Amino acid sequence: MCGDSRSCVNFPGYYKCECQTGFKIKNRRPLVCEDVNECITQQQCVGGQCRNTPGSFQCICPEGYRLYNQGIQQICQDIDECALFPEICSPHGKCENLDGSYMCVCDTGYAPSEDQKKCEEVSRGLDLKDCFLSLDDTLFCDSVLAVNVTREQCCCSLGAGWGDHCEIYPCPVHSSAEFVSLCPDGIGFIVDLDIMSYGIPTYRDIDECELFGQEICKEGKCVNTQPSYECYCKHGYYYDTRLLQCMDVDECVDESNCINGQCINNRGSFYCRCPLQMQYHAEQKRCMPNPELDRTEGLDICWMIRGTDGICSHQMNGPQLSLNECCCRQGQGWGLRCHSCPPRHDGESSEEVSEECHCANGRCARGTHGLSCECQSGFQLDITRTRCTDLDECRQKNPRGALCKNSRCINTMGSFRCVCKAGYTRSRHPHICVLQRKR
């Protein structure tokens, strides 16, 4: 009776048509309800765009604003992104709220991104090249300490030269005017343009451990200090400041470590090989007679495995053997007291079962001429073919020239070592000495 946009109200004896909310009756006939345009006054939608709809309206807020209802009004209020997202500009800037948006106020050395929503590091156009430890013509291509570093990072720390593609430019001599200009605060420090103190650049410590990694502390643990670093080596090693790595301590150089026995050096430790019927006493550092080993010519159990706890297991099949026979058969322990067999070097084995199997510095093997020794590296067979003697490498002819470059060759048991001449120092390559840097 009243149409789609009107409501019928009943009264005694009659009824009345009233318009619904958002509609009003026209002032002229026909008396129908028409939509009220709430957007004409602009009081219903503050700060936004009012859009009229049949019987109502919509308030559309711009980006960065949020709609709030206050009574009959709808208000668009700014969203404070800095309070809502506190870390939005971190870690290199601070957030500043703006009407409908925000901006990042960046730290020194950083600048707002194109959309102003984050801080990016400013490209300074730094020249990055490789850092070299040595200037020796034959070595510098293989002595790269680090790649993609600045000249200051290289020459103000451990570098001897800086460049790329095996073309290096020598670092300035320490205490020279050029060095002071490049490294004003001395070795181990670098100018930091990101940190200013009263408008003057400050200096920060160079973290050599992070910059050069394992190149300066091989087989050790690198710890940064100011203005240098420390390299901590495992037990049985020492840090070589010229080679920049942990080197094995040759305990056999000190003859008092293995009195009455044969000292055999290995990585991080050593072994003292005692004659038969003798045993090594660590406290006295010597081989001493042991009455319990006088039975070595007797027969007893041969064990295949001897643990680090001194307990033997896995009995070898077959008859009981003497200590010598057991050890020559690759046994590791002998007898009820689990006496230890001497350790074997890599590749060493003795497959022959014989009491004649005595072959120091080699292994016993049976050939067409009977039993003979196969010698370890650094040893040679004597005329009897039953004994290995030391090979003097320093007297041997080397088709590639001298074994020791810029150094003197000294023979050692089973090997040799090089002692640098005056004015030279050890390089990172074995048996090669290079000119000592002038400080």
Side-chain angles (χ1 to χ4, degrees), residues 219-221 232-238 246-365 373-379 388 413-414:
E219 301 193 40
K221 179 175 178 58
Y232 294 95
C233 300
K234 300 176 183 178
H235 178 74
Y237 293 81
Y238 72 95
C246 292
M247 304 290 292
D248 172 56
V249 176
D250 188 352
E251 294 85 356
C252 295
V253 172
D254 185 356
E255 296 180 355
S256 66
N257 283 328
C258 183
I259 300 173
N260 300 330
Q262 180 189 3
C263 184
I264 301 173
N265 184 59
N266 52 45
R267 291 177 62 81
S269 185
F270 72 100
Y271 173 74
C272 186
R273 178 180 287 173
C274 296
L276 293 176
Q277 288 82 44
M278 300 186 76
Q279 190 171 31
Y280 182 68
H281 289 256
E283 293 181 358
Q284 301 187 34
K285 298 182 180 180
R286 64 175 63 223
C287 295
M288 301 179 65
N290 190 335
E292 293 182 2
L293 296 180
D294 289 340
R295 299 174 54 251
T296 56
E297 294 305 319
L299 302 179
D300 212 327
I301 300 172
C302 184
W303 303 98
M304 297 298 295
I305 297 177
R306 185 181 190 273
T308 56
D309 54 2
I311 298 177
C312 288
S313 62
H314 293 74
Q315 180 178 344
M316 185 179 291
N317 295 329
Q320 293 185 343
L321 304 171
S322 67
L323 173 62
N324 194 37
E325 289 175 321
C326 175
C327 295
C328 284
R329 281 196 170 190
Q330 301 187 26
Q332 293 187 6
W334 180 81
L336 295 177
R337 292 187 176 272
C338 192
H339 295 300
S340 174
C341 286
R344 303 179 186 278
H345 297 288
D346 293 339
E348 180 181 346
S349 63
S350 294
E351 300 176 357
E352 301 299 326
V353 185
S354 170
E355 292 186 1
E356 300 177 38
C357 186
H358 303 288
C359 187
N361 305 316
R363 74 181 187 93
C364 186
C373 282
E374 291 183 0
C375 300
Q376 303 170 14
S377 176
F379 294 87
C388 293
M413 183 63 68

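Heads up: numbering here begins at 1 and tracks the sequence. Please read these numbers as outputs of a predicted model, since none were measured by experiment.
Between Leu299 and Gln320, the closest heavy-atom pair is O-OE1, 3.6 Å. Nearest heavy-atom pair across Gln332 and Ile305 is OE1-CA, 3.7 Å. Of all the heavy atoms in Glu251 and Asn257, the pair that sits closest is O-ND2, 2.8 Å. Closest approach of Asp254 and Ser256 over heavy atoms only: OD1-OG, 2.6 Å. Contact record, Asp248 with Asn265: OD2-ND2, 2.6 Å, taken as the closest heavy-atom pair. Minimum interatomic distance between Ile311 and Cys338 (heavy atoms only, all atoms of both residues): C-SG, 3.9 Å.
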Item to check | Stepwise disulfide bond (SG atoms under 2.5 Å apart) check, Cys233 with Cys246 | outcome: CA-CA 6 Å; Cys233 300; Cys246 292; 2.0 Å; yes

Checklist entry - Do Tyr271 and Gln262 pass the side chain to side chain contact (heavy atoms under 4.5 Å, CB included) test, and can you show the C-alpha distance, the side-chain angles, and the key distance before you say yes or no? => result CA-CA 8 Å; Tyr271 173 74; Gln262 180 189 3; over 6 Å; no

Next on the checklist: Pair Cys272, Cys263 - check disulfide bond (SG atoms under 2.5 Å apart), show working.
Outcome noted: CA-CA 5 Å; Cys272 186; Cys263 184; over 6 Å; no

Next on the checklist: Go through it in stages, so that I can follow the logic: the residues are Tyr280 and Met288, the test is side chain to side chain contact (heavy atoms under 4.5 Å, CB included), and I'd like the CA-CA distance, side-chain angles, deciding distance and then a yes or no.
Outcome noted: CA-CA 6 Å; Tyr280 182 68; Met288 301 179 65; over 6 Å; no

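Sparse packing is recorded around NE2 of His314, with 12 or fewer heavy atoms of other residues, nucleotides or ligands lying under 6.0 Å away.
Using a cutoff of 4.0 Å between basic side-chain nitrogens and carboxylate oxygens, Glu219 and Arg267 are scored as salt-bridged.
Judged purely by atom type and a 3.5 angstrom limit, Trp303 has no side-chain atom pairing as donor or acceptor with the backbone of Gly331. In terms of modelled atom types and a separation under 3.5 Å, the side chain of Arg273 and the main chain of Ile264 share no donor-acceptor contact.
To the nearest 0.5 angstrom, Asp300 atom CG is 5.0 Å from Leu336 atom CG.
With respect to Cys312, the side chain to side chain contact (heavy atoms under 4.5 Å, CB included) criterion is satisfied by exactly one of Arg306, His339, Met304: Arg306.
Of the two cysteines examined, Cys287 and Cys274, the SG atoms meet the criterion of being under 2.5 Å apart.
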